[in-house]
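Okay, structure first, notes after.
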Amino acid sequence: MTLSAHALLLLNAQRHDLDDRPDERSVARDWAHHVADARAQGWVVAFVQWDAPHGAAWDTFSKDWTLHPDFRAEQGDVLVRAELPDAFAGSELAAQLHARAVQRLHLLALSGTPALDATLASAGEQGFRIESLEVPA
């Protein structure tokens, strides 16, 4: 298990988030570089895999539910499933990050998503400090 004060948290790395976006390739490439840099620095890398909300155009466990092809969880990474917009609510995210001594979060997310606002609001309550946030325009 990787122990680090820093974690890179990807909130929107699933196919349903990135596929078919006009900037899909540039966002995925940029985020993949962030993931590689975080791993090189010994940071914890965490992915949130969102279950499909009621009425979504995609289903949990479908191809759209999987991580985008430019990303994969490796040994030592954190991969959690979440249902609510807050990635910490009802998931093991906080426990997994605390178990790895994480104190500071660096977030990669898409702007305007409920997950971003809810997770940002909850991070401090869970004892984490947001160090950086990258949101593609």
Side-chain angles (χ1 to χ4, degrees):
M1 179 183 315
T2 302
L3 298 178
S4 174
H6 294 268
L8 179 65
L9 175 59
L10 286 89
L11 291 181
N12 305 112
Q14 287 169 271
R15 286 179 182 262
H16 73 87
D17 288 317
L18 297 174
D19 281 356
D20 300 324
R21 283 178 55 100
D23 60 351
E24 172 190 351
R25 292 302 318 137
S26 63
V27 170
R29 208 174 359 232
D30 180 51
W31 286 7
H33 287 296
H34 283 288
V35 170
D37 289 346
R39 287 185 175 130
Q41 294 177 65
W43 291 5
V44 172
V45 175
F47 296 94
V48 178
Q49 214 165 354
W50 301 97
D51 286 348
H54 181 71
W58 56 278
D59 295 315
T60 301
F61 303 117
S62 68
K63 181 178 177 182
D64 286 339
W65 180 79
T66 63
L67 293 177
H68 187 273
D70 286 358
F71 307 109
R72 72 168 203 239
E74 295 183 359
Q75 185 172 345
D77 289 350
V78 173
L79 177 63
V80 297
R81 287 178 57 190
E83 294 178 18
L84 303 173
D86 176 2
F88 293 103
S91 79
E92 293 290 319
L93 182 58
Q96 291 287 334
L97 295 176
H98 285 303
R100 290 164 173 79
V102 171
Q103 300 168 8
R104 295 177 172 92
L105 295 178
H106 304 261
L107 271 77
L108 299 178
L110 297 175
S111 66
T113 63
L116 174 59
D117 295 335
T119 301
L120 281 173
S122 181
E125 296 169 12
Q126 299 295 326
F128 301 106
R129 180 174 159 191
I130 303 297
E131 287 288 311
S132 64
L133 170 64
E134 180 173 316
V135 180

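Here, residue 1 is the first one in the sequence, and each next residue gets the next number. All values reported here derive from a predicted model rather than from experimental measurement.
Applying the side chain to side chain contact (heavy atoms under 4.5 Å, CB included) criterion to L107, with sequence neighbours excluded, gives L9, L11, L105, L116, L120, I130, L133. Partners of R129 under the salt bridge (Lys or Arg N to Asp or Glu O under 4.0 Å) rule, at least two apart in sequence or in another chain, are E131. Shown here are the side chain to side chain donor-acceptor pair (under 3.5 Å) partners of D17, two or more places apart in sequence or in another chain: there are none. The side chain to side chain donor-acceptor pair (under 3.5 Å) search around H106 returns H6, S132, not counting sequence neighbours. In this view, T66 and R15 satisfy the side chain to side chain contact (heavy atoms under 4.5 Å, CB included) rule, not counting sequence neighbours. For E83, the side chain to side chain contact (heavy atoms under 4.5 Å, CB included) criterion is met by D51, not counting sequence neighbours. Residues satisfying the salt bridge (Lys or Arg N to Asp or Glu O under 4.0 Å) criterion with R100, sequence neighbours excluded, are absent altogether. A search for side chain to side chain donor-acceptor pair (under 3.5 Å) contacts involving R29 returns nothing, not counting sequence neighbours. Under the side chain to side chain donor-acceptor pair (under 3.5 Å) criterion, D70 pairs with R25, not counting sequence neighbours.
Contact check for V48 versus S91: no side-chain heavy atoms found under the 4.5 Å cut-off. Residues F71 and L18 meet the side-chain proximity criterion, which asks for heavy atoms closer than 4.5 Å. In this structure, N12 and W31 have side chains that are in contact, with non-hydrogen atoms separated by less than 4.5 Å.
Here side chain to side chain donor-acceptor pair (under 3.5 Å) pairs that include residues 119-128, with residues two or more places apart or in two chains, are D86-S122.
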Result block: side-chain N/O donor-acceptor pairs under 3.5 angstrom for residues 35-47, not counting sequence neighbours:
unit_1 : atom_1 : unit_2 : atom_2 : d
R39    : NH2    : R72    : O      : 3.1
R39    : NH2    : D77    : OD2    : 2.3
Q41    : NE2    : D37    : O      : 3.4

Pairs of donor and acceptor atoms involving the side chains of residues 52-61, under 3.5 Å and at least two apart or interchain, shall be tabulated with distances.
unit_1 : atom_1 : unit_2 : atom_2 : d
W58    : NE1    : H16    : ND1    : 3.4
T60    : OG1    : A52    : N      : 2.8

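A distance-only check finds a donor-acceptor pair linking the side chain of W65 to the backbone of W50 [under 3.5 Å]. At distances below 3.5 Å, not a single donor-acceptor pair connects side-chain atoms of Q49 with backbone N or O atoms of L79.
Between P136 and S111 the shortest heavy-atom distance is O-OG, 3.9 Å. The shortest heavy-atom contact between A99 and M1 is O-SD, 3.6 Å.
In this structure, CD in Q103 is found 9.0 Å from OG in S4, a value given to the nearest 0.5 Å.
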>> Applying side-chain contact (heavy atoms from CB on, under 4.5 Å) to F128 and H98, what does each step give before you reach the verdict?
In response: CA-CA 9 Å; F128 301 106; H98 285 303; 3.4 Å; yes
> Which is it for E24 and D19 under the side-chain contact (heavy atoms from CB on, under 4.5 Å) test, yes or no, and what are the steps along the way?
Replying inline: CA-CA 6 Å; E24 172 190 351; D19 281 356; 3.3 Å; yes
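By the criterion of side-chain heavy atoms lying less than 4.5 angstrom apart, applied directly or through intervening Ile, Leu, Val, Met, Phe, Trp or Tyr residues, V27 is grouped together with L10 in one hydrophobic cluster.
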